[in-house]
Every structure is written in structure tokens, then in C-alpha cells.
Amino acid sequence: MSTYSLSDGLASGTPRTSRAPLLATWLRESGVGVLASIAWIAFGLSCLWWEDVGDWSRTHSLGIAAFVIAAVALFGTVGADYLGSAGQALHKRAPWLVALGAFLTVWEVATAKLAWLPLPFFPPPQAIIEVYTDDLPKLLDSVFASVKLQLGGYLIGATVGFLTGVSIGWSRAVGYWVHPVLRFIGPLPATAWLPIAFFTFPSSWSASTFLIALATGFPVTVLTWSGVASVSNAYYDVARTLGAKPSFLVLKVAIPAALPHVFVGLFMGLGSSFAVLVVAEMIGVKAGLGWYLQWAQGWAAYANMYAALIVMSLLCSGAITLLFSIRDRLLVWQKGTVKW
Amino acid sequence: MVAAALAEAITHQAAGAALDIEQVSHAFDLDGAELPVLSDVSISVEPGEFVALLGPSGCGKSTLLRLVAGLDKPKAGRLREDEQRIRNPHPSRVVVFQDPTLFPWRSVWDNVALGLEAQGVLKSQRHRVDAALDLVGLSSFRNAYPHQLSGGMAQRVALARALVNDPKILILDEPLGKLDSLTRITMQAELVSLWQRKGFTTLLVTHDAEEALVLANRVIVFSERPARVKADIRVDRPYPRHRGDPYLADLRRQILGLLGLDATW
């Protein structure tokens, strides 16, 4: 009997208390999305409200684009229930949208409108957009050149490093000869070779490929080697009692067991090869994003530099994402790998 | 009936190999000094026998197993499998170690397939992998990775990986040593039934006298390092054996006495 009166009381209480919590829940669920929309409206208004202090052609378009993004954020939030996974993705990124909108507003006001930050060193967002629309062919050529150089050097360096590492780890004789050379040459920053490389190699492109391969190869070699050396003898014992030949021990035991180490080496090699790539392009190669940066600096085209930096960062980050997704695919058997 | 029993006896004869350990001595090199681990050990194992090697911790039992497996070579003496000198590892003598040592990058199925793959016969013999997994009751875990298995399951996979090769001699190096006591008892029963069905010769290293007596039909007791054969005890009791069997309890007392532990009994 008492349970009945309890549920009766709850039922009668529901209509009265439900309206305020409904609004509160709605605000909690959609508030950030609405806020994101407001932040982008603010950015759009900041573009269009005042006159620019300089002469930029994309201010108006940028303002319109900001309003479009604000509208997408708003409708995406209100209609999240009908959008499925897209709505959820938007919901998850809404706080970032707020931060981004606010940052762009402050940037716009501080540069193009009130010139708090000195021009031309701090160009407004529309100046960078202008680079992407007006200087696209040259930028794309640079991206293409950089990717080509980086990819060639990295693949050569990674392959040679991997093979060297496996050989040192496996064979005592190879280790005897290669290890001292590795210790002597490896720690030298690859950029220190620049002056020599540029006049000993037939072209600046082959010199840069060599340097990138060198920068990649050293960490890959060392980590592959340590990976192969640290494989537990128990694995070899098991394989040998099951009838494994030496080639099986290398290909099916040592290398798979060493792969987690190899990927650490590939990751480190990627980082140091980026540094070499940019320096090589700035100094010797007449193409690529490093060269573009150098060229933009010569012309005091600061907006072009920022634009190139953004592209470069996307490319480097994309390369690491690619490496990590290959690793995740190959090393599914590992527990708790870092998500990039 | 008699014929069937006879036929079974014959297949048992065929499935297991004889093992002769003749005056084997072995030593380790430790910083230039020689540390003797086996001293003049001679054991002759009949085909299909289940022999337990019992001895104090670190006495050299596992070293003897490595010699039988062909992973190491003895400093003196000879080992023979069916009159053939043992010089190298061979899939007819497979070891199950104390740690399952499954390859973490391979799924359960691929781990069990390891031997056939190493011998280059996997393509035509895939059904043997499925059969071995069935035998240890882990068919539904064929796609799991080792880190997803419990200790007992991992050791079962290791057992399947050994059995898929149809070994003539199964070498067990304390395979149940790290399992909890309940899993242990279950797996002891499974080992006996596998051995009875397959008829391979079994060599089991253990430090547990009770386990030796429940499983083996012969228990060899070793001395402290360097290991010598101290006693060779026949256990003539039918399977399945009961832990409380007074005959086994009596043997156990004898064995612990040999190991210098009679005061604790």
C-alpha cells in the first residue's frame, strides 16, 4: 500500500517540476552548440562591422563564411536528433568551435580593425585566406615538391634503417662492423652534412634525399636493432622445438616481436626528417614549402609565411596520423597503444 | 574386446617414442667457472610412458629437458630418441614451458598453427590446427589474441600448439606451475586423458610430489645440484587416481623423505 502512495505522489509531482528541468537539460545539451553559433556570428560581425585598416579583398567573403558556419552550428545543434552521427560529431566538437570563433574574433579585431598588433608582421585571417585563393598554384607546387622529397628520402631511410637494424640485431659479424660506424656517424645531426652533401651530390635534390634518409635511418636502425636484440629467447626456443629454420626465426619471430620498437624508430625518424627537409629546402633546393617560406620572407609577405606554416603543420600532422594508423593496423595485438 | 584393447596397445606403441638418456653430464659456464648441473644421469624411458622428474628447485631438471628437446648439447653422454641421436630440436619432441610463451602478435589459431607453418605443411594440413584447438576445448577462441586469455586458457593453447605436431615425446616443463589450484586440477585430468588417447611418451618436470603421483606411471627423484638420479619409483595405480589414495599418500611420504622434507610431513 505504501508503494502505491509513493508512486502516486511522484506521478502528481511530475508535471509541475518537469518544465524547468527540461529547459535546464536542453541548455546543458545544446548550450555549447548555441554558444559556438554565437561566437561565429561575432566573428562574422567583426569582419563586416568596421572598415579594414588595410587593403584586403577577402574580408566580405570571410564574414559571410563565418555566418554560414554559425548557421550550420545552430541548425546542427537544434536538429542533432535528426542528424545521427554527424550531429554527435558536432556536439563533441562544439567547445572547440566556441574557442575557435572567439579566437578568430579577437584576431580579426586586433589586426584588421584596430591594428593593436603591428602590421605587416601579424596579418589578419582574411590575408591568409587571400594567399590560399590567389597564390594557390605556387603553394600546391611547393606542397607537391616537399611531399615528393620527403616521401622518397623517408622511404629510403626507413628501409635501409630497418634492414640494417635487423642485421645488427641478428648477426654478430654484421654488428661488429656496423656498430662502430653507427656510433660514430649516427648521433651527428643530419643538417651538419648539408654543406658537404650539396657539393658532393650531383643535384640538390639527391643531396636532400640523402640527408632526409640519413636523419630517418639512424633512429630506425637503433630501435629496430634494440627491438630484435630484446626478443625473449623463449620465443626462439619455442619456434625451434616446433621445427623452425633460421629464416623463419628472423621473419616470423624476430621481426614481428621487434615491430613495436620499429614503429617508435619510424616515429622519431619522421620528426627529425621534417627538420632536415625544411632546412634543406631553405638552403639548397629551389622548391618546396621550406623554399616558399624563405621566398615569402624575402618579399616580406608575412601572410604567405603563415599560410605555408599552416599547410606544413597539416602535412606533418597528417604524416604522423598515417604512420600511427598503419601501426594500429599492424599492432592490433598490443594492448593500450596511444591514440594520436 | 581383447582385440580392441590389443589394437589400442599397438597404436600406443606406435605413437610414443623410446627415450634413452645415457650417462649425461652437463655444466654451465658462469664467469669462467664451471657450474655442474647434471652428473652422470641415465634414464631409459619406454614408449608411451608418463615419467615425472621431481627434484629440489634449481637442481637441473629443466636443463635435462632442454637437452632432451635438443635445444642444448650435453657436455658428456648421449641422448637417443628411438635409437636416433638427439642433436637438434625436432618437432617430434615438443616442449610446453612453464610460461605459455604464446606469440602475442598471433591469434590463438595462428599460434597453434606455428609448428605446421614452420615445417611448411600448413597449407595442406589446416584441419590439424582446428582439431588441436578442439582437443583443448578452445575452438571458440580461435581469433582471440593471447592478451585476452586467462592463464589456464593460454596454457591450453600452448598445449594445443605442441599437440598439433603429433609429437612422439611431449616434454612438459612445469606447465601447470603458475596456474591457480582449481585450474591445475582440471588440467591435470585433461593431461592424463590426452596422454591416454594419444599415447605419446611424456616427460614432466614438476616440484609437486602430489602432481607427479597423480599423473605419472613413473617418478624419478633427483638430488640437489648437480642432479643425480636418487630414486626411480614405479606408480602402478589405475587412472583416474584419487589424491586421497593411501597408496599414493605412502609414496608421497617416501618421496618427500628422499627430498629431505620428511620432518614437514
Side-chain angles (χ1 to χ4, degrees), chain A residues 158 162 165-166 169-170 172 220 223-267 323-339, chain B residues 62 65-72 86-108 110-122 129 132 143-149 157-167 169-173:
Chain A
F162 176 75
V166 171
W170 190 255
R172 210 168 281 239
V220 174
L223 276 137
T224 306
W225 166 29
S226 88
V228 171
S230 68
V231 177
S232 163
N233 272 328
Y235 290 147
Y236 295 129
D237 284 348
V238 166
R240 283 173 62 205
T241 61
L242 295 173
K245 291 170 205 58
S247 62
F248 188 90
L249 295 182
V250 176
L251 296 174
K252 301 284 178 120
V253 183
I255 289 177
L259 265 194
H261 286 256
V262 174
F263 271 98
V264 176
L266 287 172
F267 173 66
L323 182 68
F324 274 43
S325 61
I326 292 172
R327 182 199 64 172
D328 289 348
R329 180 159 289 215
L330 281 177
L331 304 184
V332 275
W333 51 273
Q334 269 195 321
K335 287 190 290 183
T337 46
V338 180
K339 281 273 168 277
Chain B
S62 298
L65 287 199
R66 290 182 66 84
L67 299 179
V68 173
L71 288 168
D72 295 326
I86 295 175
R87 294 173 200 277
N88 286 305
H90 189 274
S92 71
R93 289 168 268 118
V94 182
V95 191
V96 178
F97 294 95
Q98 183 175 17
D99 288 312
T101 41
L102 301 179
F103 290 8
W105 56 90
R106 285 174 167 247
S107 68
V108 165
D110 287 335
N111 262 291
V112 175
L114 200 66
L116 301 181
E117 193 183 329
Q119 295 152 43
V121 297
L122 180 60
V129 179
N143 294 322
Y145 280 99
H147 73 82
Q148 298 166 310
L149 304 178
V157 175
L159 201 59
R161 179 175 65 184
L163 294 176
V164 78
N165 301 288
D166 277 333
I169 301 178
L170 184 64
I171 303 168
L172 304 167
D173 190 359

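Only this structure's heavy atoms are used, side chains among them; waters, hydrogens and symmetry mates stay out. So that the names make sense, note that chain A is the first sequence line, chain B the second, and so on, each numbered from 1.
Among all heavy-atom pairs drawn from B/A118 and A/A244, the shortest one is CB-CA, 3.7 Å. The minimum heavy-atom distance between B/L114 and A/F248, with the atom names listed, is CD1-CZ, 4.0 Å. Here the closest heavy-atom approach between residue A/A239 and residue B/F103 is recorded as CB-CZ, 4.3 Å.
Side-chain atoms of A/P260 and B/W105, non-hydrogen and from C-beta on, never get closer than 4.5 Å to each other.
Using a 4.5 Å cut-off between heavy atoms, B/L102 contacts chain A through its backbone alone, with no side-chain atom that close. Interface residue B/R161: backbone and side-chain heavy atoms are both found under 4.5 Å from chain A.
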Between B/N165 and A/L242, is a side-chain contact (heavy atoms from CB on, under 4.5 Å) present by the stated rule, with each step listed?
CA-CA 8 Å; B/N165 301 288; A/L242 295 173; 3.2 Å; yes

Walk me through whether A/V332 and B/Y145 qualify under side-chain contact (heavy atoms from CB on, under 4.5 Å).
CA-CA 9 Å; A/V332 275; B/Y145 280 99; 3.7 Å; yes

Mind running side-chain contact (heavy atoms from CB on, under 4.5 Å) on B/R93 and A/T241 for me, showing each step along the way?
CA-CA 7 Å; B/R93 289 168 268 118; A/T241 61; over 6 Å; no

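Rounding to the nearest 0.5 Å places CZ of B/F97 at 5.0 Å from CG of A/D237. Rounded to the nearest 0.5 Å, atoms CH2 (A/W333) and NE2 (B/H147) are 9.0 Å apart. The CD atom of B/Q119 sits 7.5 Å away from atom NZ of A/K245, with the distance rounded to the nearest 0.5 Å.
Partners of B/A144 under the side chain to side chain contact (heavy atoms under 4.5 Å, CB included) rule, at least two apart in sequence or in another chain, are B/V108, B/F141, B/Q148, B/L149. Residues passing the side-chain hydrogen bond (donor to acceptor under 3.5 Å, both in side chains) test with B/N111, sequence neighbours excluded: none.
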